[in-house]
Amino acid sequence: MTYKDSSKPITERVEHLLGLMNLEEKVGQLIQPFGWKTYEVNEGRITLTDSFKEQVKNGGVGSLYGTLRADPWTGVTLETGLSPREGAEAVNHIQRYAIEQSRLGIPILIGEECSHGHMAIGGTVFPVPLSIGSTWNVDLYRDMCRAVALETRSQGGAVTYSPVLDVVRDPRWGRTEECFGEDPYLISEYAVASVEGLQGESLDRPSSVAATLKHFVGYGSSEGGRNAGPVHMGTRELMEVDMLPFKKAVEAGAASIMPAYNEIDGVPCTVNTELLDGILRKEWGFDGMVITDCGAIDMLASGHDTAEDGMDAAVQAIRAGIDMEMSGEMFGKHLLKAVESNKLEVSVLDEAVRRVLTLKFKLGLFENPYVDPQVAEEVIGSEQHVGLARQLAAEGIVLLKNEAKALPLSKEGGVIAVIGPNADQGYNQLGDYTSPQPPASVTTVLDGIRAKLGDEAKRVLYAPGCRIKDDSREGFELALACADQADTVVMVLGGSSARDFGEGTIDLRTGASKVTDDALSDMDCGEGIDRMTLQLSGVQLELAQEIHKLGKRMIVVYINGRPIAEPWIDEHADAILEAWYPGQEGGHAVADILFGDVNPSGKLTMSIPKHVGQLPVYYNGKRSRGKRYLEEDSQPRYPFGYGLSYTDFSYSDIQITPEVIGTDGTAVVSVNVTNSGDREGSEVVQLYVSDAASKYTRPARELKGFQKIFLQPGERCKVEFTVGPEQLQYIGQDYQQVVEPGLFRMMIGRHVNDTLSADLTVQEG
């Protein structure tokens with residue numbers, strides 16, 4: 001048959017198969033049940049559920065969501081979950097039944113969560129995207145995406161619901177950790193790398209998965225930083241800021257995209273025809289699949305209230321350009337009835353099915369629906385991937401303060417007290433969208449420091465001191481006793497996105513783990529966990545203040561998913577490391593930095609305010625945003641692009657060649673960077689552009705280029721950036737891209753507020 005003939009063009013195969021399908025089978029291709037509910041495991045034997053078998057026989061199932069996902073929502077634990085080999089075998093079992101027991105033998109699209117590693121048992125847990133952004137190492141991230149794609153596809157996962165390309169405007173938002181930062185240019189660079197890494201040279205390779213860009217669009221700019229809240233944004237800003245990363249990723253060939261939950265100017269993104277059809281498909285030429293977020297269609301009738309009922313919501317969504325409903329029931333319940341009652345044309349249904357089938361053919365699922373469990377066992381959590389996780393974590397750590405060169409620490413002599421709720425809590429350093437992990441696979445900061453000192457680890461004392469959110473001070477006594485014996489105190493503070501795995505809690509008086517029936521949740525970040533403040537939760541600040549009274553050298557390590565604004569810590573700590581959620585190798589990475597085996601090179605991709613009342617404080621606001629409040633100026637505590645090193649880098653001799661160009665011309669901006677310190681190290685050289693005068697208001701400066709360079713002590717490097725229309729244009733009259741003649745200031749430096757500058761003149765023509 002034509003659709004089974006791999007020598008035929010995909011379009012021909014799709015049309016042939018579509019012509020053979022009945023209405024039930026077409027609707028079946030657009031629905032996506034929860035994958036973990038399709039099978040049961042009894043004494044190591046995998047059996048398919050009767051409900052899944054029934055679905056296959058009554059029209060089929062187009063896709064499954066989170067088949068291998070393990071977390072409290074799915075109820076899948078280390079004890080009940082599947083090993084990498086078993087996961088691959090389970091997916092093979094599911095595919096075999098769907099192909100052999102359905103009329104047309106259409107394979108299932110297995111969609112998985114892979115924001116910072118495949119969310120399945122055994123998968124490598126990389127740092128969260130906010131940490132990855134802080135590396136400013138796009139090539140390393142591309143390597144990570146290749147590793148994630150390999151681990152996911154080896155178990156049969158063919159689509160990932162990543163990358164997250166939202167531009168964060170309010171860090172109180174709980175999903176800040178899932179994003180790369182506040183700058184659209186930076187996010188765009190990661191967006192392209194993610195598509196290249198995840199999708200590889202071809203989607204039908206056994207090491208490639210289809211990338212799903214999310215959340216389209218404006219999701220990171222919600223009202224009050226509340227998840228899925230309304231977005232108040234004009235068309236020009238939407239195009240210049242939030243759409244840019246998506247546009248670049250679409251141009252790179254992204255196969256799938258997910259609309260956001262939020263509304264913009266009164267229209268929910270799930271049914272925004274102008275976005276999904278006008279801009280995405282017609283203007284950008286996107287020809288891939290559009291899938292909703294979980295429950296987004298339900299929200300139209302109960303949340304946004306733009307639909308009368310489920311039928312109305314389902315019809316609105318598919319008409320607007322939605323091809324598949326993630327983990328919902330609206331399409332399955334209503335589309336067939338909508339067609340039969342003439343509320344929906346078959347042609348609209350066919351177009352959605354056509355896109356789903358096209359993706360399946362591109363992925364090679366008709367030729368290779370099964371995977372090799374042996375490969376899954378070998379590649380998932382491999383030594384190479386664990387090493388990559390450690391390197392990413394180390395490069396993403398930002399040194400915020402280093403008074404009197406308090407860091408690096410010496411490995412010789414002296415007692416170190418490691419204190420704080422995140423010092424030895426593995427789950428707290430992994431971030432949201434993480435599967436349960438055996439303790440041995442996660443290295444905490446305490447583990448990392450002890451491993452670094454080896455035989456001298458007896459010099460390391462430990463006390464949790466307190467929990468993340470709880471107000472109990474019962475652990476203060478032990479913490480103060482440990483600190484009193486120490487020469488240096490490493491305070492590991494911050495937040496947690498750990499969901500309740502029933503792991504119990506920590507005995508604050510002894511530091512030992514204990515399992516109780518009333519485990520306390522320390523989760524203060526993650527999806528749906530938005531905050532009113534950016535201060536440390538619980539009594540963490542009080543703990544630090546009490547220990548500081550002992551007069552010891554105090555190093556603060558933050559492990560968290562959003563910026564922390566704690567002026568007392570900024571003023572009194574001897575050194576501060578921002579580690580974000582560094583993943584399973586985070587403890588080793590932190591120790592590498594603390595003891596100087598790795599020179600810190602991370603730079604902030606989020607401006608950190610002095611106080612939450614300064615928000616919004618992102619660096620690329622408009623010139624007219626104002627200068628100060630009564631109580632404080634508008635400058636952040638730590639600006640965008642900021643990060644210290646154990647060595648010094650000096651900038652000199654900025655030049656532009658030529659200094660005058662036409663509106664379609666290019667110039668080269670260069671600067672000399674010298675490692676003027678006594679250690680080798682990496683520096684992120686950042687290029688900012690400022691349009692001196694424009695018809696429409698512009699930010700004072702915008703990131704338009706960056707390079708991460710490595711220099712030996714005394715070594716000098718000439719860094720060059722090419723500047724042309726792409727770096728100089730903006731959305732002008734009639735919402736068209738334009739390069740206006742005039743003066744542009746080129747600024748190169750170590751962060752947005754520390755640059756050298758030179759002027760470029762742009763003339764007409």
Report yes if some heavy atom in the side chain of [X] is under 4.5 Å from a heavy atom in the side chain of [Y]; otherwise report no.
| X | Y | value |
| --- | --- | --- |
| Val371 | Gln155 | no |
| Pro184 | Asp242 | no |
| Pro259 | Leu275 | no |
| Pro163 | Leu213 | yes |
| Phe216 | Leu165 | no |
| Leu186 | Trp136 | yes |
| Gln584 | Gln429 | no |
| Pro33 | Ser327 | no |

Heavy-atom closest pair, residues [X] and [Y]:
| X | Y | answer |
| --- | --- | --- |
| Gly62 | Met324 | C-CE, 4.4 Å |
| Ala70 | Ile121 | CB-CG1, 3.8 Å |
| Ala260 | His215 | CB-CB, 3.6 Å |
| Ala389 | Val125 | CB-O, 4.2 Å |
| Ala589 | Ala393 | CB-CB, 3.5 Å |
| Tyr185 | Leu703 | CB-O, 3.3 Å |

Measure from the side-chain N and O atoms of [X] to the backbone N and O of [Y], and report whether any donor-acceptor pair falls under 3.5 Å.
| X | Y | value |
| --- | --- | --- |
| Gln29 | Val356 | no |
| Gln437 | Ser435 | yes |
| Thr605 | Phe180 | yes |
| Glu325 | Phe331 | yes |
| Tyr190 | Asn137 | yes |
| Ser131 | Pro127 | no |
| Ser382 | Glu378 | no |
| Tyr581 | Ser496 | yes |
| Ser154 | Leu150 | yes |
| Arg153 | Ser208 | yes |

Can [X] and [Y] be counted as having a side-chain donor-acceptor contact under 3.5 angstrom?
| X | Y | result |
| --- | --- | --- |
| Asp447 | Thr444 | yes |
| Glu578 | Asn560 | yes |
| Lys708 | Ser601 | yes |
| Tyr65 | Glu112 | no |
| Asn227 | Trp173 | yes |
| Thr77 | Glu79 | yes |
| Ser194 | Glu196 | no |
| Tyr427 | Arg499 | no |
| Ser256 | Thr212 | yes |
| Trp36 | Thr67 | no |
| Ser497 | Glu177 | yes |
| Ser63 | Gln32 | yes |

Atom [atom1] of residue position [X] - does it have more than 12 heavy atoms of other residues, nucleotides or ligands inside 6.0 Å?
| X | atom1 | value |
| --- | --- | --- |
| Gln374 | CD | yes |
| Glu377 | CD | yes |
| Gln101 | CD | yes |
| Lys704 | NZ | yes |

Validate the cation-pi geometry between Arg96 and Tyr370: distance from NZ or CZ to the six-membered ring centre under 6.0 Å, angle to the ring axis within 45°.
yes
Please determine if [X] and [Y] form a salt bridge, counting it only when a charged side-chain N lies under 4.0 Å from a carboxylate O.
| X | Y | result |
| --- | --- | --- |
| Glu15 | Arg354 | yes |
| Glu151 | Arg146 | no |
| Lys214 | Asp166 | no |

Let me know which of Val209, Ile380, Thr152 forms a side chain to side chain contact (heavy atoms under 4.5 Å, CB included) with His118.
Thr152
Show me the donor-acceptor pairs within less than 3.5 Å that the side chains of residues 284-296 make with the rest of the protein, sequence neighbours left out.
{"residue": "Thr292", "atom": "OG1", "partner": "Met326", "partner atom": "N", "Å": "3.0"}
{"residue": "Asp293", "atom": "OD1", "partner": "Tyr261", "partner atom": "OH", "Å": "3.3"}

Would you please classify the geometry between the Tyr97 ring and the Phe52 ring as parallel, tilted or perpendicular, with 30° and 60° separating the classes?
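If you compare the ring of Phe52 with that of Tyr97, the planes turn out tilted.
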Ring centroid separation for Phe34 and Trp73, is it under 6.0 angstrom?
yes
Using the ring centroid of each side chain, check whether His116 and Phe126 are separated by less than 6.0 Å.
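No, they do not, as the ring centres are separated by 6.0 Å or more.
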Could you state the interatomic distance from [atom1] ([X]) to [atom2] ([Y]), rounded to the nearest 0.5 Å?
| X | Y | atom1 | atom2 | result |
| --- | --- | --- | --- | --- |
| Met144 | Leu392 | CE | CG | 7.0 Å |
| Cys114 | Arg69 | SG | CZ | 11.0 Å |
| Met21 | Tyr3 | CE | OH | 9.5 Å |

Glu395 and Gln391: side chain to side chain donor-acceptor pair (under 3.5 Å), yes or no, with the steps?
CA-CA 6 Å; Glu395 291 200 28; Gln391 184 181 355; 3.2 Å; yes
Give the intermediate values and the outcome of salt bridge (Lys or Arg N to Asp or Glu O under 4.0 Å) for residues Asp432 and Arg562.
CA-CA 12 Å; Asp432 206 0; Arg562 57 160 72 85; over 6 Å; no
Could you go through residues 361-369 and list every donor-acceptor pair under 3.5 Å that involves a side-chain atom there, pairing it with any protein atom two or more places apart or in another chain?
{"residue": "Glu367", "atom": "OE2", "partner": "Arg13", "partner atom": "NH1", "Å": "3.2"}
{"residue": "Glu367", "atom": "OE2", "partner": "Arg13", "partner atom": "NH2", "Å": "2.5"}

Evaluate the criterion side-chain contact (heavy atoms from CB on, under 4.5 Å) for residue pair Ile10 and Val14; output intermediate values, then yes/no.
CA-CA 6 Å; Ile10 287 179; Val14 168; 4.0 Å; yes
Under the rule for side chain to side chain donor-acceptor pair (under 3.5 Å), what residues qualify as partners of Glu283, not counting sequence neighbours?
none
Using the side chain to side chain donor-acceptor pair (under 3.5 Å) rule, take Asp71 and Thr74 through it: C-alpha gap first, then chi angles, then the decisive distance, then the call.
CA-CA 6 Å; Asp71 67 343; Thr74 65; 3.2 Å; yes
